[in-house]
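All values reported here derive from a predicted model rather than from experimental measurement.
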Amino acid sequence: MDAAQQEATARARELQRSWYGEPLGALFRRLIDDLGLNQARLASVLGLSAPMLSQLMSGQRAKIGNPAVVQRVQALQELSSQVADGSVSAAEAAERMEEVKKTSGGSVLNSTQTTASSGAPTVRRVVREIQSLLRSVAGAGDIIDAAGTLAPTHPELAEFLRVYGAGRTAEAVAHYEAHQS
């Protein structure tokens, strides 16, 4: 990717952050992880072509042009939150995704954060936000390299970077819970 393409991608991601609250790559990866989807299935539920989803995720395209797709994204964000906090089972989520797929839409994303019924973010949601932030700054390889550099003098910080920046969500949740005392 040349410098002009990198600049255009960075600009698209900043626009996504201002329009949707975060880059769409991070948002879609969270939906894929929380709802147990792959990119093709997510594209199908949203009513996008797989190449369009890929372009939105990579920052080659900045905006979702169809309001119905935006509404489906919003519905999946809410469903994802409910799966993450345990109030919706995987089987029920699969049924609800079929309902989302059929909606014609017309709304826009809201700016409210999804939370558990208590009003507080779930541990999994907090962990995913930390992961999303780290991964929006650098790739896993760079994060692992940085952790290796820090390890001799700052082992706890190096572990944090490895677990949240390049590890699996379940590992990060366990780390988070272990350090909450």
For [Y], does its backbone N or O pair with a side-chain atom of [X] as donor and acceptor, under 3.5 Å?
X	Y	value
Q5	D2	yes
R13	L24	no
T9	Q60	no

Taking distance alone, no hydrogens or angles, what donor-acceptor pairs closer than 3.5 Å link side-chain atoms of residues 156-169 to residues at least two apart or in another chain?
unit_1, atom_1, unit_2, atom_2, d
Y164, OH, A172, O, 3.4
Y164, OH, H175, ND1, 3.1
Y164, OH, Y176, N, 3.2
T169, OG1, D33, OD2, 3.3
T169, OG1, R128, NH1, 3.2
T169, OG1, Q131, OE1, 3.1

State whether R96 and E99 are salt-bridged, where the test is any N-O pair (Lys NZ or Arg NE/NH1/NH2 against Asp/Glu carboxylate O) under 4.0 Å. no
E98/R41 salt bridge by N-O under 4.0 Å criterion: yes
Is there side-chain contact between [X] and [Y], with at least one heavy-atom pair below 4.5 Å?
X	Y	answer
Y20	K63	yes
L76	V100	yes
R30	E22	yes
Q39	M57	yes
E92	V83	no

In terms of hydrophobic clustering (I, L, V, M, F, W, Y; side-chain heavy atoms under 4.5 Å; direct or indirect links), are V126 and V123 co-clustered? yes
Taking L150 as the starting point, is it possible to reach I144 by hopping between hydrophobic residues whose side chains are less than 4.5 Å apart? no
side-chain hydrogen bond (donor to acceptor under 3.5 Å, both in side chains) assessment of E78 paired with Q74: CA-CA 6 Å; E78 180 60 30; Q74 183 179 10; over 6 Å; no
Run the side-chain donor-acceptor check on residues 43-56: report pairs under 3.5 Å with partners two or more places apart or on a different chain.
unit_1, atom_1, unit_2, atom_2, d
S44, OG, K101, NZ, 2.9
S49, OG, M52, N, 3.1
Q55, OE1, R61, NE, 2.5

Mind listing the closest non-hydrogen atom pair of A138 and D142 along with its distance? CB-CB, 4.1 Å
